[in-house]
Amino acid sequence: MIPAIDSKLPNVGTTIFTVMSQLAADCGAINLSQGFPSFEPPERLIERIEFHLRNGANQYAPMPGVPGLREQLAMKTARLYGRAVDADTEITISTGATEGLFSTIQAVVRPGDEVIVFDPAYDSYEPAITLAGGATRHIPLARRNDGFDFEVDWEALHSALSDKTRLLILNFPHNPTGAILTAADLNRLAEMLRPYPTFLLSDEVYEHIVFDGTTHTSLLSNDELWERSFVVSSFGKTFHATGWKIGYCIAPPVLTAEFRRVHQFTTFTVVTPIQHALADFLEESPDFHLDLSAFYQRKRDLFCRLLEGSRFRMKPARSTFFQILDYSDISGDNDATLACDWTRQIGVASIPLSPFCEAPLEANKLRFCFAKDDETLTDAARRLCSL
Ligand code: PMP
Ligand code: GLN
């Protein structure tokens with residue numbers, strides 16, 4: 001007897017990133033939807049991959065990751081965030097940030113537990129929570145200044161916390177709004193969480209893309225929060241290599257041990273030659289990430305400047321490689337419909353924000369990825385200015 005599928009994720013369709021990238025390809029549109037750069041990874045890094053491919057790094061890496069890569073990450077964590085972490089017991093290499101997020105959620109969330117996310121929330125969180133049997137509690141980020149500045153609604157968070165809150169998921173620098181956290185925010189959070197048995201999962205994949213002279217405040221930098229935190233990041237954004245799908249999770253030893261119980265049966269290990277190449281590259285160029293913010297800030301400024309003559313309203317993004325544009329002066333349509341219509345009509349694909357929110361958003365904003373060469377941005381902006 002062939003059983004009928006009784007879906008564990010009945011409300012999940014194909015991700016909006018796949019849908020919009022496919023539509024862009026079908027229409028021959030400029031794809032500013034799914035977030036990936038149009039630039040290549042550093043040449044030296046590719047050389048090191050070639051080297052390791054030809055020099056025997058083709059079998060399973062150790063389950064937590066190649067030791068040299070974990071050592072480099074430990075040094076970087078100490079340098080950047082002032083936290084001494086042990087490469088053996090506190091760092092695990094994962095298959096992209098996505099697996100780091102998934103394995104953390106499976107490791108700590110049990111049926112009946114509550115997990116808090118801030119809307120708009122990256123789309124991989126809730127399905128992972130649902131598969132673990134948890135309930136997702138959505139708290140919208142508060143909006144200020146005509147809805148362009150997003151920030152944590154601390155009162156709403158405070159009232160949502162309870163003994164049932166097993167996990168709070170943070171994502172700062174925030175995709176898609178560019179919101180960031182300050183050290184004062186982390187202190188406030190530490191105080192608020194004191195009475196609750198709540199872990200933190202901090203998705204920091206855009207840690208090196210923060211603008212206007214501000215730097216990222218990692219959960220790793222806060223002594224009190226660190227004790228309950230899983231900090232996840234990715235090499236994809238930092239090295240223009242989203243297709244490599246290599247990330248990592250940093251957490252105190254007891255949390256890491258539990259993370260690895262799941263990780264070893266999710267993927268067991270991560271692609272070996274690229275781990276070795278990343279270790280070499282981080283050793284040779286430990287400051288590579290320092291140029292990233294200036295690089296993307298120039299892209300952001302170019303894109304915003306090119307759109308000055310348009311009917312969009314905007315405020316330059318504070319972080320990430322995404323710009324939010326408000327289209328209320330152009331159309332009253334819903335964001336998901338409009339993103340598809342404009343892909344077909346003017347040949348520019350974007351991402352609507354409503355799929356990342358539980359409660360209907362006043363749907364007048366779209367997200368555009370500006371991690372593209374100047375010609376592509378110029379062409380896209382020209383089309384957007386015609387609206
Ligand atoms: N979290 C956020 C907020 C992201 O934007 C992304 C995608 N870039 C990921 C996680 C997934 O990262 P990875 O591709 O390394 O799995
Ligand atoms: N993180 C990327 C974005 O926000 C997409 C990743 C994916 O396609 N799953 O656009």
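Ligands are counted one by one from 1 in listed order, and the atoms in each one are counted from 1 as well. Quick note: residue numbers are just sequence positions, from 1.
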Practice problem: Kindly determine whether Arg143 and Phe150 satisfy side chain to side chain contact (heavy atoms under 4.5 Å, CB included), including the steps that lead there. | Solution: CA-CA 5 Å; Arg143 267 160 283 160; Phe150 289 74; 3.3 Å; yes
Quiz item: Relative to ligand 2, is Arg367 under 4.0 angstrom through side chain, backbone, both or neither, heavy atoms considered?
Solution: side chain
Practice problem: Check each atom of ligand 1 against the heavy atoms of Lys245 and keep those under 4.0 Å away; list them by number with element. | Solution: 13 (P), 14 (O), 16 (O)
Quiz item: Side chains of Phe172 and Val152: closer than 4.5 Å at any heavy-atom pair?
Solution: yes
Quiz item: Got a second to check how far Gln345's CD is from Thr343's OG1, nearest 0.5 Å?
Solution: 9.5 Å
Practice problem: Pull out every atom of ligand 1 sitting under 4.0 Å from any heavy atom of Gly96, numbered as shown with elements. | Solution: 15 (O), 16 (O)
Self-check item: For ligand 2, the portion of Thr242 having any non-hydrogen atom under 4.0 Å away
Solution: neither
Quiz item: For atom 1 (N) of ligand 2, which of Phe17, Phe36, Tyr122 has the closest heavy atom?
Solution: Tyr122
Quiz prompt | Ile93 CD1 to Arg70 CZ distance, which is reported to the nearest 0.5 Å | solution = 7.0 Å
Quiz item: Quick one: CG on Leu32 to CG on Leu366, what's the gap to the nearest 0.5 Å?
Solution: 11.0 Å
Quiz item: Hey, what do you get for CD (Glu224) to CZ (Arg194), rounding to the nearest 0.5 Å?
Solution: 4.0 Å
Quiz item: Taking the six-membered ring of Phe51 as reference, does the NZ or CZ atom of Arg48 fall below 6.0 Å from its centre and within a 45° cone about the axis?
Solution: yes
Practice problem: Please state whether Lys237 comes within less than 4.0 angstrom of ligand 1, counting heavy atoms only. | Solution: yes
Quiz item: Any non-hydrogen atom of Tyr206 lying under 4.0 Å from ligand 1?
Solution: yes
Quiz item: Closest non-hydrogen protein atom to atom 2 (C) of ligand 1, residue and atom name please, with distance?
Solution: Asp203 OD2, 3.4 Å
Quiz item: What distance separates Ser221 OG from Leu181 CG, expressed to the nearest 0.5 Å?
Solution: 10.0 Å
Practice problem: Note the single closest protein heavy atom to atom 11 (C) of ligand 1, along with its residue, its atom name and the distance in Å. | Solution: Thr98 OG1, 3.4 Å
Quiz item: Any idea which protein heavy atom is nearest atom 12 (O) of ligand 1, and the distance to it?
Solution: Ala97 CB, 3.5 Å
Quiz item: Polar-atom distance check: Asn175 versus ligand 1, any N or O pair below 3.5 Å?
Solution: yes
Self-check item: Close N or O approach (Phe322, ligand 2; < 3.5 Å)
Solution: no
Self-check item: Exercise: identify the closest heavy-atom pair between Phe235 and Leu69
Solution: CZ-CD1, 3.9 Å
Quiz item: What is the closest protein heavy atom to atom 15 (O) of ligand 1, and at what distance does it sit?
Solution: Ser234 OG, 2.6 Å
Quiz item: What is the nearest protein non-hydrogen atom to atom 8 (O) of ligand 2, stated with its residue, atom name and distance?
Solution: Gln34 NE2, 2.7 Å
Exercise. Treating Ile, Leu, Val, Met, Phe, Trp and Tyr as nodes and any side-chain heavy-atom pair under 4.5 angstrom as an edge, say whether Phe368 and Phe39 lie in one connected cluster.
Key: yes
Quiz prompt | ligand 2 contacted by Thr15 (non-hydrogen, < 4.0 Å) | solution = no
Quiz item: Near Asn171, which atoms of ligand 1 are under 4.0 Å from a heavy atom of that residue?
Solution: 3 (C)
